[in-house]
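To find a chain, count down the sequence lines: A is the first, B the second, and so on, and within it residues start at 1.
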Amino acid sequence: MPELPEVETVRSGLAPLVVGSTVTDVEVLRASCVRLQAGGQGEFSANVLGMVLGAVARRGKFLWFPLVLKTAEGARHGGVVVPPTRALSAHLGMSGQFRVFDGEPPEPHPHCRVRLHLDAPGGGRVLDFVDQRTFGYVLTEPMQPTSDGFAGGHGSTLPTLPRTVAHIARDALDPALDDARVIAGLRRGSRCIKHVLLDQTVVSGIGNIYADEALWAARIHPRRPAQTISAAQARNVLAAVRDVMAKALARGGTSFDGLYVDVNGQSGYFSRNLAAYGRAGKPCHRCGAPLAHDRIGGRSTHWCPRCQRSVAWTLSRD
DNA sequence: AGTAGCACCTGATTGC
DNA sequence: TGCAATCAGGTGCTAC
């Protein structure tokens, strides 16, 4: 399942292959993947066709390509152009991938939902959005200012965000993340801490796997109500989130070749070394106790019943 | 306002 | 063997 490290690996792999390319043709192979586009697939295609992909940007698990228009005037001055007012946004859901093919493209994979034909230097190139379980989507949407006026996402220097990304908090690896705000968010409300970590409006990029990993590292029981977490514990949780994400990114970023930008099925995903997720009944790497497993907030959750015992919560006052 | 729960979807796995 | 139920996952939406 693509979480922040996987999506960042996709973003950084994609950028050198597609930025600056013009979209010369659009094939929507499955209409439901543009379900968030108000005007349907016709509007999607019309908004993308002829536009230049200006960048590949990301906040949390959300990706977008600012759409710029290459004008004759702009071309005379060596390139850009019109500041992007619209973006092609994409979310990988739980199984989405982007793949790039140069030259004569193969038949689209059965799970290919959208194929963009690009005008790449030296010949044709296609960008496929492949998504087996169809939780992912693409759409075009307007860009709007960020709430703090700073650059809206990794890979972008613009203080703007696509509409569907505007309500998402900065992510765990964002240098502009407001730690105090996140720590306050992790300590607020009756929801259990596992659920709060998955709330993309507190801090974004965390999915089910890294939520379990971070709580294991911080030794916090996933059922612990947020409002019982001390400030020090919340700081530890945030530090653990950053740590597991950074380590995963360091691993995922090394195993991609240029033309096959993978997210899920291949080495990036399976080479994760996980201490908690998926290890129900196996010994804890710290204490050897068998890890527990249950559904928390509708999500499969794994933890060490010995190391993460702090369920006997009391309201803390620090 | 904050929280809970469901819909969305497909393929792999498990149970009868 | 065949079919049905279950599970996995993130987000958007609706209903308390």
Separation of [N] [atom2] from [X] [atom1] (nearest whole Å):
X         : N       : atom1 : atom2 : value
Gln132(A) : dG10(C) : CD    : P     : 15 Å
Leu36(A)  : dG10(C) : CG    : P     : 17 Å
Ile206(A) : dT11(C) : CD1   : C1'   : 15 Å
Arg59(A)  : dT11(C) : CZ    : C1'   : 17 Å
His167(A) : dG10(C) : NE2   : P     : 15 Å

Position toward the 5' end of DNA chain B (nearest nucleotide), Ser32(A) or Gly189(A):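 Its nearest nucleotide lies further toward 5', so the answer is Gly189(A).
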For residues 112-123 of chain A, run the donor-acceptor check on the side chains, cut-off 3.5 Å, and write out each pair with its distance to 0.1 Å, sequence neighbours left out.
{"residue": "Arg113(A)", "atom": "NE", "partner": "His111(A)", "partner atom": "O", "Å": "3.2"}
{"residue": "Arg113(A)", "atom": "NE", "partner": "Asp131(A)", "partner atom": "O", "Å": "2.9"}
{"residue": "Arg113(A)", "atom": "NH2", "partner": "Asp131(A)", "partner atom": "O", "Å": "2.9"}
{"residue": "Arg113(A)", "atom": "NH2", "partner": "Gln132(A)", "partner atom": "O", "Å": "3.2"}
{"residue": "Arg115(A)", "atom": "NE", "partner": "Asp128(A)", "partner atom": "OD1", "Å": "2.7"}
{"residue": "Arg115(A)", "atom": "NE", "partner": "Asp128(A)", "partner atom": "OD2", "Å": "3.4"}
{"residue": "Arg115(A)", "atom": "NH1", "partner": "Pro106(A)", "partner atom": "O", "Å": "2.9"}
{"residue": "Arg115(A)", "atom": "NH2", "partner": "Pro106(A)", "partner atom": "O", "Å": "3.0"}
{"residue": "Arg115(A)", "atom": "NH2", "partner": "Asp128(A)", "partner atom": "OD2", "Å": "2.8"}
{"residue": "His117(A)", "atom": "NE2", "partner": "Glu27(A)", "partner atom": "OE2", "Å": "2.6"}

Parallel under 30°, tilted from 30 to 60°, perpendicular over 60°: which one fits the rings of Phe98(A) and Phe129(A)?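 If you compare the ring of Phe98(A) with that of Phe129(A), the planes turn out tilted.
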Quick check on DNA chain C: between Ile168(A) and His302(A), whose nearest nucleotide comes earlier from the 5' end?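 The 5'-side residue here is His302(A).
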Would you find a donor on one side and an acceptor on the other, under 3.5 Å apart, between the side chain of [X] and the backbone of [Y]?
X         : Y         : result
Ser156(A) : Gly152(A) : no
Arg99(A)  : Val130(A) : no
Gln41(A)  : Cys33(A)  : no
Glu213(A) : Ala276(A) : yes

For [N], does either OP1 or OP2 sit under 4.0 Å from a side-chain N or O belonging to [X]?
X         : N       : result
Tyr137(A) : dG12(C) : yes
Arg299(A) : dG10(C) : yes
Gln200(A) : dT11(C) : yes

Looking for any heavy atom pair under 4.0 Å, which part of the strands does [X] touch: base, sugar-phosphate only, or nothing?
X         : answer
Arg113(A) : nothing
His91(A)  : sugar-phosphate
Arg133(A) : base

Below 4.0 Å from chain A heavy atoms, what is the first contacting nucleotide of DNA chain B and what is the last?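 The footprint of chain A covers dT3(B) to dG11(B).
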Take a 6.0 Å sphere around CZ of Arg286(A) and say whether it holds more than 12 heavy atoms from other residues, nucleotides or ligands.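 Correct, the count exceeds 12.
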